[in-house]
Amino acid sequence: MQNILYYRTLRNHEQKPWVTFIHGAGGSSAIWYKQIREFKIHFNILLIDLRGHGKSQKGMWKKGDDFTEIAQEVIDVHDHLNISSSHFAGISLGTIVIQSAARLRPALISSMLLGGAITKLNAFTRFLLILGSLGKRILPYMWLYAFFAWIIMPYSNHKEARSMFISQAQTMCQNEFIQWFSLTRFVNPYLKELQKDFHEIPTLFVMGDEDHLFLSAVKEIAASHKEVKVIYIENSGHVCNIDQPEQFNAVAIQFIKEKNSLKFVI
């Protein structure tokens with residue numbers, strides 16, 4: 001029997017479009033708590049916990065699994081629910097999962113809203129990952145996760161997002177952390193391939209202006225890919241949907257409505 005990821009649906013109306021939320025590493029669908037109230041007014045909502053996160057099953061890893069298998073599991077949830085198309089909103093590592101799903105089944109994805117997107121790892125980030133790799137089987141995973149959370153979200157106005165992700169990560173286990181961490185080993189070449197083709201899917205990057213590790217790479221994409229758009233949210237770090245939820249929600253809802261206007265009346 002096929003293992004289906006844990007999911008939760010909030011149905012508005014059968015004629016309303018779907019929005020699928022994909023969280024980042026160590027989080028869960030709970031990190032979208034500042035979006036649900038506004039989004040459920042306009043859309044049907046699908047919240048998914050990625051493998052090993054939240055309420056989804058642990059121990060699903062097989063040798064050689066990568067973002068392709070993870071993306072397929074997300075697609076499988078939509079097939080299970082007979083959802084033929086959805087707008088996708090992701091944060092952090094969740095944006096990689098969404099773009100991976102776009103490679104596998106572009107027809108499923110009506111638009112991509114990529115928040116705090118990871119599109120390239122700079123030299124400093126790669127150095128940190130090397131250090132993490134050396135200690136991942138020795139140090140308690142929560143020490144490493146908390147350390148990376150502080151590096152990625154260092155400022156006082158990032159405190160709520162940082163605390164949220166650290167608390168959510170406590171539902172993981174050491175082995176799950178190691179498996180997810182191992183995905184970063186060869187991720188830069190994979191990320192480069194993802195950014196070559198957006199499969200004619202309307203795409204909006206939403207980045208905090210204080211996202212010091214990943215912002216510059218997204219700016220490069222915006223300069224070289226005229227078909228994608230980027231919006232910068234002030235006074236926000238990596239997890240912009242928590243740091244500045246009002247701005248994030250307004251931008252995201254407007255984008256989805258615009259891209260959906262030819263297919264649905266909202």
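Under the salt bridge (charged side-chain N to carboxylate O under 4.0 Å, His left out) criterion, no residue pair touches residues 80-104, with sequence neighbours excluded. Residue pairs meeting the salt bridge (charged side-chain N to carboxylate O under 4.0 Å, His left out) criterion with at least one member in residues 187-210, sequence neighbours excluded: E193-K196. Each side chain to side chain donor-acceptor pair (under 3.5 Å) pair with one or both residues in residues 212-228, not counting sequence neighbours, would appear here, but there are none. Residue pairs meeting the side chain to side chain donor-acceptor pair (under 3.5 Å) criterion with at least one partner in residues 229-239, sequence neighbours excluded, are S92-H238, D211-H238.
Residues passing the ring-ring contact (aromatic ring centres under 6.0 Å, His included) test with H53 are H23, W180, sequence neighbours excluded. Partners of F165 under the ring-ring contact (aromatic ring centres under 6.0 Å, His included) rule, at least two apart in sequence or in another chain, do not exist in this structure. Shown here are the side-chain hydrogen bond (donor to acceptor under 3.5 Å, both in side chains) partners of S56, two or more places apart in sequence or in another chain: there are none. Remark: F248 engages no residue in a ring-ring contact (aromatic ring centres under 6.0 Å, His included) (not counting sequence neighbours). Legend: residues meeting salt bridge (charged side-chain N to carboxylate O under 4.0 Å, His left out) with R162, ordered by chain and number and at least two apart, are absent. For E160, the salt bridge (charged side-chain N to carboxylate O under 4.0 Å, His left out) test picks out K34, with sequence neighbours left out. Every residue two or more places apart in sequence or in another chain that forms a side-chain hydrogen bond (donor to acceptor under 3.5 Å, both in side chains) with S100 is listed here: Y190. Take N188 and apply the side-chain hydrogen bond (donor to acceptor under 3.5 Å, both in side chains) test, not counting sequence neighbours, and it matches no residue.
Residues N44 and L10 are not in side-chain contact: their nearest non-hydrogen atoms beyond the backbone lie 4.5 Å or more apart.
A side-chain N or O of E176 and one of W61 form a donor-acceptor pair less than 3.5 Å apart.
Shortest non-hydrogen contact noted between I242 and Y33 is CG2-OH, 4.1 Å.
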